[in-house]
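Remember, it's a predicted structure, so these values are computed and weren't measured experimentally. Reminder, nothing fancy here: chain letters follow the sequence lines and each chain counts from 1.
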Amino acid sequence: MKPAPALAEGFPDLSGMLIAREPHWFRWISAALIVLVLAAIARAFANGQIEWSHVSRFITAKVILEGIVNTMVMAVLAMALGIVLGIVVAIMRLSPNPVLKTAAAGYTWLFRGTPLILQLLLWFNLALVFPAIGIPGLWSARAVDVMTPFLAALLGLGINQGAYTSEVMRAGMLSVDIGQYEAAQAIGMGRLRALRRIILPQAMRVVIPPLGNEFIGMVKATSLASVIQYPEVLHNAENIYYANSRVIELLIVAGLWYLLVVSILTPLQMLLERRFARGTTQFAR
Amino acid sequence: MTKPLVAIRSVSKNFGEFKALKNVSLDVWPGEVMCLIGASGSGKTTLLRCINQLAIIDSGGIWLDGELLGVREQGERLYRLSEREIGRQRLKTGMVFQRFNLFPHKTALENITEGPLQVQGRKPDEVRAEALELLRRVGLSAKADSYPMQLSGGQQQRVAIARALAMKPMLMLFDEPTSALDPELVGEVLAVMKELAKSGMTMMVVTHELGFAREVADRVVYMDQGAIVEQGRAADVLGTPREERTKAFLSAVI
C-alpha cells in the first residue's frame, strides 16, 4: 500500500478549540418586553374592580364543582357519540354503495351547515313539534318529559360532533395505503373486517391529533348548553352572579376551570398517541 | 387425467381505454412453477390480480380448482358472487406483493396469524405453532416479535411469503416479489421461493429475475401488450426464443 500523500501547509489544527456562545441580544430584549407587558396587565387587573377574594371563594364552591363535573360528563359522552357516528358515517361515505354515500354526505351537510346553538335549541324545543313521541303500540311519552336538558345537550352536541368527526375519520382512512386493503383482501378479509382490523388501527394514529383538537373544542362547546338549562360550569357560574352580581369574578372562576381541564387533556393525548404509534418507528422497543 | 389447477379462458380486462388483457387463455398445472415475463404494462401483473380477484375481469372466465371465479352460472346468465363468496375463493390463493404490504401495526408473528385467526377462526395455539414454523422456514425465527419497520426489505418480503402460506393456499401468486428490494437482498427472497418450488407448491411468478426463471421455472410465459406472445420450457423461451418480440425483450433486459 502506498503511504497517504503529505497534507498541505497553512490549515491549522482546530480540534482543541471551543465554540464561543452567541450573545442572543434579541432574545433577552424580547423576553424583557414580554415580562413588562404581562406585569402591566397583571397590575391593571389587581387594581381593577375585581374582588379576588370572591374568585378564590367560589372556585371550589359546590355548585361550581358540580358544574365542572357536568361539563366533563357531557363532553365525554357527546364526544363518544360523535366518534361512533363519525366512524359509521366515514365508512358509509367511503362505501361503493351510492345510497349510503349520499345519506352520509347529506348528514354532514345538514349538521355542519347550521349553528350548534340553533341545533341545541331545536332539540330542546322538540316538544313544540312533536308533543308526544314513542313507538306506536309499544311505548309513548310526552316529549317535554323525555327531552331533558341533558338529553337535548347530548344529542345536539354529539350529532353535530359526528358530522365533523366523520371528515377527520375519512381523512385518516384515506391516509392508509391502498396496498393495505389489498393485503387484507388477499388473506380473505371482507370490507368491514379489513376496516376494523387493518385500516382503522392505522388511521387512528393520524386522527388522534385532530380528534384531540375536536375534544378540546367539545369541552368548551358544552358551555353553549347553558342556554338550554344544562347545569354545566358556565351555567352555574351565571346563576351565582345573577344572585350576587360578581359577574367578572365568576367568569374568571369558570375560565380557570376550563383552562385546568384542557391542560390535563394535552398529556392524555400524548399517551394515546404513543399507544397507537406501535410499529411506526424503526428503533422503538 | 389430471386437470389444470387454473384454467384461464378468453379473459379480457380494460382500464378505461387501455386494454390490459386481450383474450388471454392459459392453463396452470398442479405443482407447476410458471414465470411470467414481459415489459411493464404487458398485462402480467393484471393477470395475477384477476386470479386473486383484486381486479375483476370484463369478459371470459377463470376456473380455480374447477370452480368458476367471481361469478355463478345460472340459466343463460352470470351472477356476481357476494363479497363473502369471493373472500372464500381468495383463500385458495396466496398473494405476495411487490411492496410487501405487511401490516405495519402488527409484529411479524401477528401478520402471519391474522388471517388464520380472524378469517379462518382457527385455534390460537395451533395457529401460533404453525406461524413459528413458517418463520423458521423463511429463516426469521429470531424476528417473530419485530415490527415490519424494524425489518429489512428482504426480511419483510419473507414474512409476507409466510403470511400468504399461513392460509394454506393451493396456488401462490408472486407479483414482482424482488423488484422493490436492494440488490443484495434479492437472493434471500429467491432462496425462499426456490425452497417453496421444491416442496411442490404451484406458483405463478411475475418477475424480471431471468436467472431465477431459468433455474426454477417449469414454464416461462412471455407477454406483450395484454397478450401471450410465446411460452414454453424456460431454456427454450429464454435461450432460443422464436418470436421477434421475445428476442427484442430479452436482448433489452440482459
Side-chain angles (χ1 to χ4, degrees), chain A residues 87-88 91-101 169 171-209 211 270-285, chain B residues 48-49 51-55 82-108 110-121 145-152 156 159-160 162-169 172-175 180:
Chain A
I87 291 174
V88 171
I91 290 172
M92 286 166 67
R93 192 84 185 259
L94 292 175
S95 113
N97 180 336
V99 178
L100 293 182
K101 249 187 195 165
M169 288 292 175
M173 290 185 211
L174 288 176
S175 76
V176 178
D177 184 62
I178 186 83
Q180 293 289 313
Y181 286 93
E182 293 188 342
Q185 284 181 326
I187 57 170
M189 287 191 176
R191 218 178 84 80
L192 287 180
R193 196 196 299 271
L195 278 172
R196 186 168 59 81
R197 297 284 309 175
I198 306 300
I199 307 303
L200 281 176
Q202 294 181 58
M204 284 317 283
R205 194 175 71 82
V206 182
V207 302
I208 286 171
L211 277 189
M270 281 173 64
L271 283 180
L272 261 184
E273 280 182 31
R274 213 168 295 162
R275 169 74 178 73
F276 281 101
R278 249 183 328 174
T280 54
T281 50
Q282 213 164 347
F283 305 105
R285 259 282 125 132
Chain B
L48 281 202
R49 292 170 63 85
I51 295 170
N52 202 27
Q53 302 188 60
L54 290 174
S82 67
E83 194 188 37
R84 196 187 190 82
E85 284 290 297
I86 290 173
R88 185 184 57 74
Q89 290 184 334
R90 278 203 186 101
L91 294 184
K92 293 185 182 176
T93 59
M95 181 89 173
V96 176
F97 298 89
Q98 183 178 353
R99 314 249 359 242
F100 329 136
N101 294 350
L102 288 181
F103 305 132
H105 59 305
K106 295 186 182 294
T107 62
E110 288 168 346
N111 264 279
I112 299 171
T113 57
E114 180 71 9
L117 290 178
Q118 293 295 322
V119 179
Q120 295 174 326
D145 296 322
S146 298
Y147 286 97
M149 276 284 286
Q150 297 162 340
L151 301 174
S152 73
Q156 288 190 48
V159 173
R163 174 174 71 179
L165 289 173
M167 307 301 285
K168 301 188 176 162
M172 283 287 282
L173 305 169
F174 293 84
D175 181 13

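A search for side chain to side chain contact (heavy atoms under 4.5 Å, CB included) contacts involving B:Pro116 returns B:Gln120, B:Arg122, B:Val127, B:Ala166, B:Met167, not counting sequence neighbours. A search for side chain to side chain contact (heavy atoms under 4.5 Å, CB included) contacts involving A:Arg193 returns A:Met189, A:Arg196, A:Arg197, B:Gln118, B:Val119, not counting sequence neighbours. When the side chain to side chain contact (heavy atoms under 4.5 Å, CB included) test is applied to B:Ser82, the partners found at least two apart in sequence or on another chain are B:Arg84, B:Glu85.
Looking at B:Ile86, there are no atoms closer than 4.5 Å to chain A (heavy atoms on both sides), in backbone or side chain. For A:Arg191, the parts lying near chain B are the backbone and the side chain together; criterion is any non-hydrogen pair under 4.5 Å. Contact of B:Pro104 with chain A is made through backbone and side chain together, with heavy-atom distances under 4.5 Å. Both the backbone and the side chain of B:Phe103 come within less than 4.5 Å of a heavy atom in chain A.
When each of B:Arg163, B:Arg99, B:Glu83, B:Arg49 is scored by its heavy-atom pairs under 4.5 Å with chain A, the top score falls to B:Glu83. In terms of non-hydrogen atom pairs under 4.5 Å with chain A, the most contact-rich of B:Leu91, B:Thr107, B:Leu54 is B:Leu54.
The local environment of CZ in B:Arg88 is crowded, with over 12 non-hydrogen atoms from other residues, nucleotides or ligands closer than 6.0 Å.
For residues 175-185 of chain A, a heavy-atom distance under 4.5 Å to chain B picks out A:Asp177, A:Gly179, A:Gln180, A:Glu182, A:Ala183, A:Ala184, A:Gln185, given by residue number.
Minimum heavy-atom separation, B:Glu114 to A:Ile198: OE2-CD1, 4.2 Å.
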